[in-house]
Each structure stands twice: as C-alpha cells, then as structure tokens.
Amino acid sequence: MNFVVVLQACTPGPITKARELNGFLHGPGFPAGNGTTVLFHDGVLSRPELLALAPTPAAILVQVTRHQPEQVLGLLEELAPRLDAELYLFPDDLAGRELAVRLACRLRGTSLAGVRSLRVDPDGFRCTRTAYSGQVEAAWRLKRRPCCLVVAKGGVEPLDLSPGARLELELDRRERPGAWIEALAATPAPPPAGLEQAGFLLAAGRGAGSRDRTARLAAIALELGADFGVSRPVAMNAWASMDRLVGVSGAMTRPALAIVAGASGSAAFLAGVERSRFLVAINTDHRAPMLRCADVGVVGDGLAILEELARLAGAAKPRGTVHD
Amino acid sequence: MDLLVCCKIVPDLDLLSDHDWVIPAHGRIDTAFVRTMINPFDESALELALRLADCAGPEVRLSALTIGSRQADPVLKTLLALRFDRVVRMEPAADLVFCPEVVAALIAAYARSHPQDALLMGRQSGEGDHGKTPLLVAEHLGWPCVSEVTRVEAAAGRLRITSQVDDGLLEQTLRPPCVLSVGNVAGTALRVPTLKARMQHGQRAIERIEPGPELAEALQCWHRDYALEGLARISHARAGTILEGTDPAALARTLYEDHLRARMAAL
C-alpha cells in the first residue's frame with residue numbers, strides 16, 4: 001500500500017508533529033507499505049534538516065512562501081497520480097485538519113480527523129475517533145480510498161525519527177497567493193505558553209468566576225511554580241488569553257501533577273488534562289464530573305484553598321528559594 | 001453584500017450526567033431531553049456577522065440557515081429580532097449528526113439557489129465533532145475557504161478577514177465569494193435583542209423549506225463511502241479520594257500534607 005505523510009516545516013513544532021506521526025506509523029494495525037512525505041517548507045531549514053523530519057523512507061520537498069491552503073491542495077492534487085496513495089496522513093494542527101478534509105473531497109476519497117487507531121481491512125479502513133465532545137469513542141469504516149486522516153494530537157506515543165529520508169523530488173512553488181487574495185499580512189504568534197511541556201499545571205475553569213479571580217489564580221500558579229491554563233469558557237470570556245486554553249481546542253497536556261480548579265469536567269477540557277500523572281480537582285459542586293475524574297477531588301472554593309496551598313508550599317520552601 | 005450564516009442547534013452535552021450516556025446498539029445517543037443551545041462556534045459566527053452589519057450598514061444583508069427540527073425555532077426568532085433579513089430552516093427527514101458530507105451538500109445547494117457573497121459558520125459542533133462542514137461546503141461550491149476566522153470586516157465589496165493560523169494571525173483582504181469557518185473567538189456571545197426589537201421584528205415568519213433531490217443523492221454517497229460501526233462510552237473516572245469540609249484552610253492542609261507535599265518536592 002502506498003501512503004503519504006503531509007507535513008509543514010513552515011509552521012511551529014514540525015519535529016513534534018513528525019514524531020507523533022512516526023509513532024502512528026509504527027503503531028499496532030498500521031500496514032506495511034511505501035511511504036512518502038510531502039514536506040512544505042519556506043527555505044529556512046537546510047535540505048538535510050528537512051529530510052530528517054520525514055517519518056517515511058522517501059520525501060518530496062516543496063518550497064513555498066508561506067502556508068497557503070489553496071496552493072498546497074493544488075499541488076497535492078497534482079502529485080496524486082504520481083503518489084498513487086491509498087492513505088494520506090496529516091498532523092493534528094490547523095493546517096492538517098483543513099487539508100485532510102478538502103483533499104479527500106478533491107480526490108473523491110474519504111476523510112476523518114482526530115483518528116486514534118487504524119486497521120486496514122479488505123472492506124475498508126477501520127478507524128476510531130472521539131465524538132460527543134470526547135465523551136464517546138466512535139468506530140468508523142471508511143470504504144472509499146484514498147482516505148485522508150488527521151492523527152489525533154496526543155493520541156499516540158511519539159517516536160524518534162530514523163535518519164533522513166531519500167529525496168525523491170524537489171519543487172519550488174514560491175508563487176503569489178491566489179487572485180482572490182488582494183492583500184495579506186501575517187503576524188507571528190507570540191511564543192507558545194508551553195503548556196504541553198508543563199510538569200506542573202494549574203488550570204482554572206468557569207468557576208473562577210471573573211477576570212480578577214482568574215488573574216489571582218494565575219498569580220498562585222506562579223507562586224507554586226506551575227504553568228497556568230484555562231478551560232474554554234474562561235478563554236471565551238477573555239478572563240485569560242486564548243494561548244492558555246487547555247483541551248481539544250488548545251493544549252493537550254501531560255504533566256506529572258495537575259490541579260484543576262472550578263472546571264465542571266466537560267469532555268473537551270478533560271481530554272487536555274486526562275494524561276496528568278496525578279490529578280487534583282477542586283470544585284464547589286460535589287456533583288461536578290471533574291471530581292470523579294481526579295485522583296483527589298476537593299469540594300470547596302478553589303481560590304481560597306489554593307491561596308492557602310500556596311502559603312503552605314511557600315513556607316515549606318528552603319529560605320532563599322526563588323521561583324523563576 | 002449578501003452573507004449567509006449557517007448555524008446549528010445542539011444539546012448542551014455538559015449537562016449530561018454519567019448515567020445519561022446510554023449507548024444504543026445503532027444510531028445516535030438520545031439527547032432530546034437535554035437543554036439545547038446554539039453551537040458555540042456558530043454563535044460566534046452569528047455575532048461576527050452582526051458586527052460586520054453594524055459597521056457596514058445596509059450594504060450588508062444577513063440571512064441565517066439551519067438544518068434541523070423545530071427545536072431551532074426560538075433561536076431563529078431571536079435572529080429575526082436581531083435584524084437578520086431572512087431566516088430559513090430546512091428540515092430533512094434524516095438524522096444527519098454523523099453525516100457532515102450530507103449537511104455540506106444541502107448548504108451548498110441552498111447557496112447555489114440563493115446566491116451569496118460569503119458563507120459564515122462555526123468550524124465544528126459537539127455531537128459529531130467532525131470539523132468538516134465548512135470545508136466541504138467550500139469544496140462543493142468551488143470557493144476559497146478561510147479557516148479559524150476571528151474577525152470579519154467589509155469595505156467596498158471586499159472582505160477583510162483575520163484568522164488564526166498555526167504560526168500566528170493572518171489578515172487578508174479577499175474578493176468574495178468565500179466560505180469563512182469561524183474558530184475560537186473570545187467575547188462573541190450572541191447579543192440579546194431588546195423586547196421592542198422582538199416585538200417589531202421577531203414576529204416575522206421563519207421560512208421553512210424542504211431539502212431538494214440532493215439529500216437523497218448525498219445520503220446515497222455517504223452510505224457508499226462511510227459506515228459508523230459503533231459507539232462506546234469513554235470512561236475518564238479515576239479511583240479518587242474526595243475531601244470535603246467547610247474550612248478551606250483545613251482542606252488545603254490535608255491536600256498538601258497527604259497528597260501534594262512529596263509530589264511537589266519531586267518535581
């Protein structure tokens with residue numbers, strides 16, 4: 001079976017995404033086959049650096065000015081006869097989620113995002129993914145090929161990449177964006193909050209109640225030496241910036257220790273903290289589902305408890321210890 | 001400029017307790033008894049469209065389309081009160097929760113028969129959680145698509161779109177037509193119409209239409225291409241300890257001494 005991995009080197013975190021896809025390629029159920037990575041880049045990385053990103057034995061490098069979905073889709077359509085692939089894999093980022101669906105439509109195939117497992121059977125590609133905001137696992141069979149799948153972020157164990165791939169083709173597509181775009185200006189994202197690498201996370205939910213109380217919780221996180229994250233309602237109320245968002249729309253964390261205060265436990269948020277090694281939930285409502293999803297559930301006011309916790313942890317610190 | 005906002009009325013899944021999640025042998029989970037709401041991403045799309053109309057004035061004409069049952073009508077009345085020029089509900093006799101391909105075909109067919117300059121809709125909704133519909137609509141119509149839109153402005157027949165991309169924010173001035181898929185946008189709860197507006201405009205009729213022949217065709221394609229073979233509840237429960245009490249300081253002390261002190265020291 002021929003398969004294709006589509007990666008962007010001109011957006012942040014290409015190594016992490018390539019390692020996740022590599023983990024998927026080497027996971028249970030993934031069939032043996034000939035894999036080619038189509039890697040879009042903006043010329044910043046050298047050719048050996050780009051080839052080292054490919055999780056497949058062969059790679060096609062395409063230089064572009066910046067990620068432009070219409071342009072990428074056009075090129076993938078153009079390459080489709082040459083690649084003759086039954087399966088396309090995309091990382092779980094904004095670009096990947098868009099490209100998979102639209103490419104499948106153009107190639108008269110099928111698509112699915114957030115795929116956690118794959119088994120190739122004679123009657124189709126069997127995949128699992130979540131539905132109902134992460135409460136339910138749905139088993140799908142995709143009967144028409146090619147199948148364009150987005151591999152779920154955090155769904156597989158990342159795997160280190162093997163030494164560089166063989167260069168199969170190199171293309172230069174530094175073209176003007178489509179005629180429908182009359183002007184374009186990009187603003188780089190601020191440095192990521194780094195929540196996915198957090199060892200200790202304090203996350204606030206809707207129960208934080210206000211911008212001021214959320215800011216106080218963020219200050220407590222700093223005092224405790226924790227990274228600060230929030231659930232979607234907190235970000236949507238603009239009590240904290242969107243880059244602090246934890247959950248399926250934001251960071252999928254896996255800290256050694258996480259404390260969640262004032263979150264009811266919506267599945268979308270829970271997905272972002274469920275891989276915590278030790279999880280504490282604090283909620284005033286003893287029926288909040290979040291309490292049952294934690295190693296320790298505390299029924300009470302999150303801010304009051306955390307203020308006291310910060311005082312206790314501060315008092316226990318050796319004199320002169322300063323948090324950065 | 002004619003803008004069509006597509007919105008979906010969905011159950012508030014956060015209100016379902018553990019024992020409400022009954023997985024049927026076939027088909028979808030029954031959520032009919034749960035309070036409904038506008039899909040949050042669609043709510044942002046509706047509010048962004050209203051803000052666009054606020055700035056652009058009568059140059060912009062707003063329509064709203066939903067595909068679903070009469071459960072949507074109270075929300076649609078609100079949209080009429082908020083001065084949407086046209087509010088349409090299409091009611092197919094089929095359950096399309098897991099069929100974004102069919103929903104997209106219906107929306108595209110409507111947009112073809114009622115020409116639009118741009119379509120706005122949320123990027124996904126909670127039940128099926130596919131994140132496909134706006135992308136497929138764009139492909140059906142052969143229009144460009146901007147994903148993760150956070151802001152929309154109009155001027156001189158052009159759309160100025162701000163969207164989130166993997167490496168930051170993108171501001172584009174676009175020549176319509178296009179499909180705009182709205183992502184996470186802070187502070188876009190749908191405004192509430194005044195009582196006067198409800199009385200003046202909310203009494204207008206919701207247009208109810210039947211899907212055309214494309215429904216049967218799209219369903220046939222869906223069954224040819226996809227099969228949903230089963231649903232299974234995911235359990236997130238941990239065998240946890242519950243600490244209760246009225247004194248926050250005492251709770252914090254127990255939490256710290258019994259569960260966190262050693263773990264925090266080991267970090």
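Computed from a predicted model, the values in this text were never measured in an experiment. Chain naming here is simple, since letters A, B, ... match the order of the sequence lines and numbering starts at 1 in each.
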### Task
Flag yes if more than 12 heavy atoms outside A/Glu77 fall under 6.0 Å of its CD atom; otherwise flag no.
yes

### Task
Dump the intermediate steps for side-chain contact (heavy atoms from CB on, under 4.5 Å) on B/Leu174 and A/Ile181, then the final yes or no.
CA-CA 5 Å; B/Leu174 307 179; A/Ile181 301 176; 3.7 Å; yes

### Task
Side chain from CB out, backbone as N, CA, C, O: work out which of these in B/Leu169 comes under 4.5 Å of a heavy atom of chain A, or both, or neither.
both

### Query
Tell me, side chain or backbone of B/Arg158 under 4.5 Å from chain A's heavy atoms, or both, or neither?
side chain

### Query
Taking B/Arg238 for the side chain and A/Glu274 for the main chain, is one N or O donor matched with an acceptor at less than 3.5 Å?
yes

### Task
Below 4.5 Å from any heavy atom of chain B, which atoms of A/Leu270 appear? Answer side chain, backbone, both or neither.
side chain

### Summary
Scored by heavy-atom pairs under 4.5 Å with chain B, the best of A/Val296, A/Thr130, A/Leu245 is A/Val296

### A/Asp295 versus chain B, the contacting section by heavy-atom distance below 4.5 Å
both

## Note on the structure
Most contact-rich option vs chain B, by heavy-atom pairs under 4.5 angstrom, among A/Arg66, A/Glu308, A/Arg144, A/Gln8, is A/Arg144

### Message
If you count heavy-atom pairs within less than 4.5 Å of chain A, which of B/Pro144, B/Pro11, B/Cys178, B/Gly126 leads?
### Response
B/Pro144

### Considering all heavy atoms, the nearest B/Ala186-A/Ala235 contact
CB-O, 3.4 Å

### Task
Identify which of A/Asp301, A/Asp93, A/Leu142 forms the greatest number of heavy-atom pairs closer than 4.5 Å to chain B.
A/Asp93

### From A/Gln135 atom CD to B/His236 atom NE2, the distance as rounded to the nearest 0.5 Å
5.5 Å

### Query
Is there a donor-acceptor pair under 3.5 Å between the side chain of A/Tyr132 and the backbone N or O of B/Ile29?
yes

### Gap between atom OG of B/Ser181 and atom CZ of A/Arg97 - 0.5 Å precision
10.5 Å

#### Entry: Segment of A/Ser241 engaging chain B (4.5 angstrom heavy-atom cut-off)
neither

### Side-chain heavy-atom pair B/Leu136, A/Cys105 within 4.5 angstrom cut-off
yes

### Query
What is the minimum heavy-atom distance between B/Val165 and A/Leu94, and which atoms define it?
C-CD1, 3.7 Å

### Message
Strictly distance-based, threshold 3.5 Å: is any side-chain N or O of B/Asp166 a donor or acceptor partner for the main-chain N or O of A/Ala95?
### Response
yes

### Query
Between B/Pro40 and A/Arg232, what is the shortest heavy-atom contact and its length?
CB-NH1, 3.7 Å

### Task
Test the A/Arg129-B/Phe98 pair against the cation-pi criterion, namely NZ or CZ under 6.0 angstrom from the six-membered ring centroid and within 45° of the ring axis.
no

### Task
Show your working on side-chain contact (heavy atoms from CB on, under 4.5 Å) between B/Glu139 and A/Leu73 and close with a plain yes or no.
CA-CA 11 Å; B/Glu139 289 299 317; A/Leu73 285 164; 4.3 Å; yes

### Query
CG/A/Leu291 to OG1/B/Thr241 distance, rounded to the nearest 0.5 angstrom?
12.0 Å

#### Entry: Contact leader toward chain A among B/Leu231, B/Thr246, B/Leu267, B/Asp167, where contacts are heavy-atom pairs under 4.5 Å
B/Asp167

### Message
Using modelled atom types and a 3.5 Å cut-off, is there a donor and acceptor pairing between side-chain atoms of A/Glu70 and backbone atoms of B/Cys145?
### Response
yes

### Query
Who among B/Met264, B/Gln124, B/His140, B/Glu101 has the most heavy-atom pairs with chain A under 4.5 Å?
B/Met264

### Task
Heavy atoms only: give me the nearest A/Met236-B/Asn184 pair and the separation to one decimal.
SD-OD1, 4.3 Å

### Message
Under 4.5 Å from any heavy atom of chain A, what part of B/Val10 do you find: side chain, backbone, both or neither?
### Response
neither

### Summary
Most heavy-atom pairs under 4.5 Å with chain B, out of A/Gly250, A/Ala139, A/Pro289, A/Gly265, belong to A/Ala139

### Query
Is atom CD of A/Glu182 surrounded by more than 12 heavy atoms (other residues, nucleotides or ligands) closer than 6.0 Å?
yes

### Query
For A/Arg287, is it the side chain, the backbone, both, or neither that has a heavy atom closer than 4.5 Å to a heavy atom of chain B?
neither

### Message
Please classify the contact between B/Glu257 and chain A as side chain, backbone, both or neither, with a heavy-atom cut-off of under 4.5 Å.
### Response
neither

### Query
Side chain, backbone, both or neither: which part of B/Glu148 has a non-hydrogen atom closer than 4.5 Å to chain A?
side chain

### Query
Any idea which heavy atoms bring B/Tyr226 and A/Lys143 closest together, and the distance?
O-CE, 3.5 Å

#### Entry: From CZ (A/Phe278) to NE2 (B/His259), nearest 0.5 Å
6.0 Å

### Message
So which residue, B/Pro100, B/Ala227, B/Ala252, B/Gly240, ends up with the most heavy-atom pairs under 4.5 Å with chain A?
### Response
B/Ala227

### Task
Could you tell me the separation between the CG atom of A/Leu309 and the CZ atom of B/Arg253, rounded to the nearest 0.5 Å?
12.0 Å

### Task
For each of A/Glu98, A/His67, A/Arg145, tally heavy-atom pairs with chain B at distances under 4.5 Å, and name the one with the top tally.
A/Glu98

#### Entry: A/Ala313 versus chain B, the contacting section by heavy-atom distance below 4.5 Å
both

### Summary
Per-residue tally against chain A (heavy atom, under 4.5 Å) across B/Arg261, B/Arg224, B/Gln164, B/Arg123 peaks at B/Arg224

### Message
Under 4.5 Å from any heavy atom of chain B, what part of A/Ala179 do you find: side chain, backbone, both or neither?
### Response
both

### Task
Sort B/Trp143 into side chain, backbone, both or neither according to what part of it lies under 4.5 angstrom from a heavy atom of chain A.
backbone

## Note on the structure
Heaviest contributor of heavy-atom pairs below 4.5 Å to chain A, chosen from B/Ala237, B/Ala232, B/Pro177, B/Ser125, is B/Ala232

### Task
Identify which part of A/Val150 has an atom lying under 4.5 Å from any heavy atom of chain B, answering side chain, backbone, both or neither.
neither

### Per-residue contact mode, A/Ala294 against chain B (heavy atom under 4.5 angstrom)
backbone

### Query
More than 12 foreign heavy atoms under 6.0 Å from CZ of A/Arg277: is that the case here?
no

### Message
Does B/Arg233, at its CZ atom, have more than 12 non-hydrogen atoms belonging to other residues, nucleotides or ligands within less than 6.0 Å?
### Response
yes

### Interface moiety of B/Arg160 toward chain A, non-hydrogen atoms closer than 4.5 Å
neither

### B/Ser44, part contacting chain A, at a heavy-atom distance under 4.5 Å
side chain

## Note on the structure
Bottom line for B/Leu260: the part with an atom under 4.5 Å from chain A's heavy atoms is side chain

### Query
Among A/Ala185, A/Ala256, A/Ala304, A/Ala186, which has the most heavy-atom pairs under 4.5 Å with chain B?
A/Ala185

### Message
What's the separation between atom CG in A/Leu103 and atom CG in B/Leu135, rounded to the nearest 0.5 Å?
### Response
12.0 Å

### Task
Select one option (side chain, backbone, both, neither) describing which atoms of A/Ala138 are under 4.5 Å from chain B's heavy atoms.
both

